[in-house]
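Below: one structure, written as structure tokens.
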Amino acid sequence: ELVRQGEALKRTEQMVDKMDQDLKTSQRHINSIKSVWGGLVNYFKAKPPESKPEQNGAPEYYANSRLKEAMMSSKEQESKYQESHPNLRKLDNSDNDFNKADLVSSVQSDAYPKNQQLRAYHQKIDTNLDEMSSGLSRLKSLALGLQTEIEEQDDMLDRLTKKVETLDVNIKNTDRKVRQL
């Protein structure tokens, strides 16, 4: 969604630049209509280029590389996650024959317990914790990518706001000049 919004912002900025260029052209026409001298000045003045409007520091829009990397790694991990998700895989319930006292004593020691069932249970917990850790790291990378993308779009919005304010003032001035004709 952020990438789509960034592309929309970029298109909006290009349209505002085009409007500014059209406004400059209309100003030249107004000067020509206003007086003969204005027409002569426009004739000898260099014509504005008919090329693409200037971008004022706004290169083609590309989503943030950090966000792209996070999205790609997230998509790669998605299939692995679905295969290992506890609700999506068949759980082995044969581990339920252990004692709570054995669990408490095993938690207190740093090594796996000697009881095979407890060892399997602890290994399963460790595996689940590893899966949680990888999921959280994926979420962190996505969050950092989103943060960077939002900051870049915020800068783009600030730049666009300034352009629109300037364009608004120029349109009002041009409208006033046309009404005076």
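Source: prediction; values computed, not measured. Below, each value reflects all heavy atoms present in this structure, side chains not excepted, and no hydrogens, waters or symmetry copies. Numbering of residues begins at 1 and proceeds along the displayed sequence.
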Euclidean distance, [Y] [atom2] relative to [X] [atom1], rounded to 0.5 Å:
X: Asn128; Y: Ser133; atom1: CG; atom2: OG; value: 12.5 Å
X: His122; Y: Asn115; atom1: NE2; atom2: CG; value: 9.0 Å
X: Asp17; Y: Met15; atom1: CG; atom2: CE; value: 10.5 Å
X: Thr174; Y: Asp22; atom1: OG1; atom2: CG; value: 11.5 Å

Passing option when Asp20 is tested against Thr166, Asn170, Val164, Thr25 for side-chain contact (heavy atoms from CB on, under 4.5 Å):
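Only match with Asp20 under side-chain contact (heavy atoms from CB on, under 4.5 Å): Asn170.
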Residues in side chain to side chain contact (heavy atoms under 4.5 Å, CB included) contact with [X], at least two apart in sequence or another chain:
X: Leu9; result: Gln153, Met156, Leu157, Leu160
X: Ile171; result: Leu23, Leu167
X: Gln147; result: Leu144, Glu151

[X]: partners by salt bridge (Lys or Arg N to Asp or Glu O under 4.0 Å), with sequence neighbours left out:
X: Asp168; value: Lys172
X: Asp155; value: none
X: Glu165; value: none

I'd like to know if Met132 and Tyr121 are part of one continuous hydrophobic network [Ile/Leu/Val/Met/Phe/Trp/Tyr, side-chain heavy atoms within less than 4.5 Å].
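They do share one cluster, since a chain of ILVMFWY contacts under 4.5 Å joins Tyr121 to Met132.
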Does Asp130 have any side-chain hydrogen bond (donor to acceptor under 3.5 Å, both in side chains) partners at least two apart in sequence or in another chain, and if so, which?
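By the side-chain hydrogen bond (donor to acceptor under 3.5 Å, both in side chains) rule, Asp130 matches no residue at all.
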Residues forming a side-chain hydrogen bond (donor to acceptor under 3.5 Å, both in side chains) with Asp175, sequence neighbours excluded:
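Only Arg179 meet the side-chain hydrogen bond (donor to acceptor under 3.5 Å, both in side chains) criterion with Asp175.
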What I'd like to find out is whether the side chain of Gln5 reaches to under 4.5 Å of the side chain of Leu2, using heavy atoms alone.
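In contact.
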With the side chain counted from C-beta on, respond yes when Lys24 and Arg28 share a heavy-atom pair under 4.5 Å apart, and no when they do not.
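No, too far: nothing below the 4.5 Å cut-off.
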Is there a salt bridge (charged side-chain N to carboxylate O under 4.0 Å, His left out) between Glu1 and Arg4? Walk through the geometry before answering.
CA-CA 5 Å; Glu1 183 66 19; Arg4 186 191 64 74; 2.4 Å; yes
